[in-house]
Number of protein chains: 2
Amino acid sequence: MINKQSHIPIYYQLEEEIKSMIHTKQLKAGDLLPSEREYAEKYAISRMTVRQAINNLVKEGLVYREKGKGTFVADKKFEQDLSGLTSFSEDMRNRGLSPSNKLISFDFIKADEQLASTLSISPTDLVCKIKRIRLADNEPVALETIYTPKTIVGEMNYQEFSHSFYDYLEKKLHFKIGFGYQTIEASLASDEEATHLKIKKDSPVLVMERTSFLQNEEQTPIEFVTSTYRADKYKFKMKMKRD
Amino acid sequence: MINKQSHIPIYYQLEEEIKSMIHTKQLKAGDLLPSEREYAEKYAISRMTVRQAINNLVKEGLVYREKGKGTFVADKKFEQDLSGLTSFSEDMRNRGLSPSNKLISFDFIKADEQLASTLSISPTDLVCKIKRIRLADNEPVALETIYTPKTIVGEMNYQEFSHSFYDYLEKKLHFKIGFGYQTIEASLASDEEATHLKIKKDSPVLVMERTSFLQNEEQTPIEFVTSTYRADKYKFKMKMKRD
DNA sequence: TATGTCATCTGGTATAGACAACTATACTTA
DNA sequence: TAAGTATAGTTGTCTATACCAGATGACATA
């Protein structure tokens, strides 16, 4: 349903509505969507607003248009842009899983030299360190540690972003995240990782490290995150273009 | 200049105009673009049309918006190095290392059902299977197996592409590679992998699988490759954009 | 000096309507 | 039967307008 009084943009509400129809299989791959005019009439909104919603879905690869015919649900193979910068929560939802967290620690600490350099801050500056177990459908999948400069996020408490850190940065703090540098390597689970992820020591794990930057002129570093994923529960997937 | 009578959409003309201003450095990285209203007035077109042009440029990563401030030319750093689709040889050269190979086997085999489906061929079709050890500066880094349909590459002998498989496809066969889907996961080295890579059994390894497609309308699958990388010698690195 | 307010920029959202270009179907005509 | 035509439906493009919300600088006020 669309709520015109809401502060959430109408096009965004419609976008989520259609997304949900697709995820719950009420609209299946190849299905014809209602036409833009039908949506406009049904919700008493402008066709241009409908187009904005559908444009975003096209951009995400969930649907595609054919002039003169209509808009169709995309085949899953081409469903998502797998190469985008996403948070764990977004990633899991894209995979059709339900993300959750278990907080291990939440502190403000002094950055060591390397972290300070990574985040372009002074070694005396405080950083917020958040260590969490990330679960998908209630199964532990990854152990994640986020470091983010206190000078940027300010005082914060864990309740505020217990869901998605990127949601918190973008929707609450109105930061625009631009891009991230990421490395992926293979390793073996340490004692601590094994315990939290409920696997045996020396089981294979993927270690992902990422530094993300804001979309401003300074390209301010906004987070450094290191995540250890259970190899049996997680694969990185990406679509790559040839230049 | 914008030609309203042209059959080329106005938003597209404006898009190209701005692009050209950026490429000829009349608009440099970080520069403020004229506001949407200015463009609208200057060319006597609607602001919504201007927005459509700028939206596309934002999508391409050439410019970014900041509410209340304006639209800016993106830094070049955004533009390039989106972790494109590369072969092992290209990858190693990018890292400043010297790639080489050691051939293990080279056969034409019948595709099993899954491989046939991946490559969109019939299970009775032959595929060329190439198994090689990939070295960087003469150190074994990965064990790679390439499967490519014989119907596409035809007869071929190993000498012809002993360097880079992508070079062979693009320069000799004049194929245009469009994109690839890739997964990365962690595992432990098998006996065979351990032997070839000169590591101990059960050492951590990265397993990369990729299917690449041609840049044609049919998006013909051109290769399926699976590579096992030594975790101590190899990290995946990538730059990712936030949508 | 410091603070707050206001005017005026900016992009973000939304409307209502128009015509063009394309597709599919039903119908007419040679 | 086969080919052309009318028509109704779709997305694509474009206009002119309106108001909202964030940013900024000028200016008045405490």
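Letters go in sequence order (proteins before strands), and every chain restarts at 1.
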Worksheet item: If you fit an axis to the five pairs at each end of the helix from dT1(C)-dA30(D) to dA30(C)-dT1(D), how big is the angle between those two axes, to 10 degrees?
Response: 0°
Worksheet entry | Between dC14(D) (C1') and His7(B) (NE2): distance, integer Å | 17 Å
Practice prompt. Send over the distance from Glu41(A) CD to dA16(C) C1', rounded to a whole Å.
Written response: 14 Å
Practice prompt. Flag yes if more than 12 heavy atoms outside Gln26(A) fall under 6.0 Å of its CD atom; otherwise flag no.
Written response: yes
Discussion item. Could you tell me how far apart Gln5(B) (CD) and dC14(D) (P) are, to the nearest whole angstrom?
Written reply: 12 Å
Worksheet item: How long is the line joining CG of Leu14(B) and C1' of dT13(D), in whole Å?
Response: 14 Å
Worksheet entry | Heavy-atom protein contacts under 4.0 Å, nucleotides 5-15 of chain C, coded B base, S sugar-phosphate only, - none | -----BBBBBB
Worksheet item: Side chains of Thr148(A) and Glu223(A): do they bring a donor and an acceptor to under 3.5 Å?
Response: no
Practice prompt. Evaluate ring-ring contact (aromatic ring centres under 6.0 Å, His included) for Phe236(A) paired with Phe236(B), printing each intermediate quantity in order.
Written response: CA-CA 11 Å; Phe236(A) 276 91; Phe236(B) 276 92; 9.4 Å; no
Worksheet item: What pairs with Tyr12(A) under ring pair (Phe, Tyr, Trp, His ring centres under 6.0 Å), at least two apart in sequence or on another chain?
Response: none
Response to the item:
Given the options Asp91(A), Thr228(A), Val205(A), Tyr234(A) meets side chain to side chain contact (heavy atoms under 4.5 Å, CB included) only with Asp91(A)
Discussion item. Looking at Arg65(A) and Glu36(A), is any side-chain nitrogen of the basic one under 4.0 Å from a carboxylate oxygen of the acidic one?
Written reply: yes
Worksheet item: Taking C-beta and beyond as the side chain, do Ile109(A) and Leu126(A) meet within less than 4.5 Å on heavy atoms?
Response: no
Worksheet item: Charged N to carboxylate O under 4.0 angstrom, Glu144(A) versus Lys131(A)?
Response: no
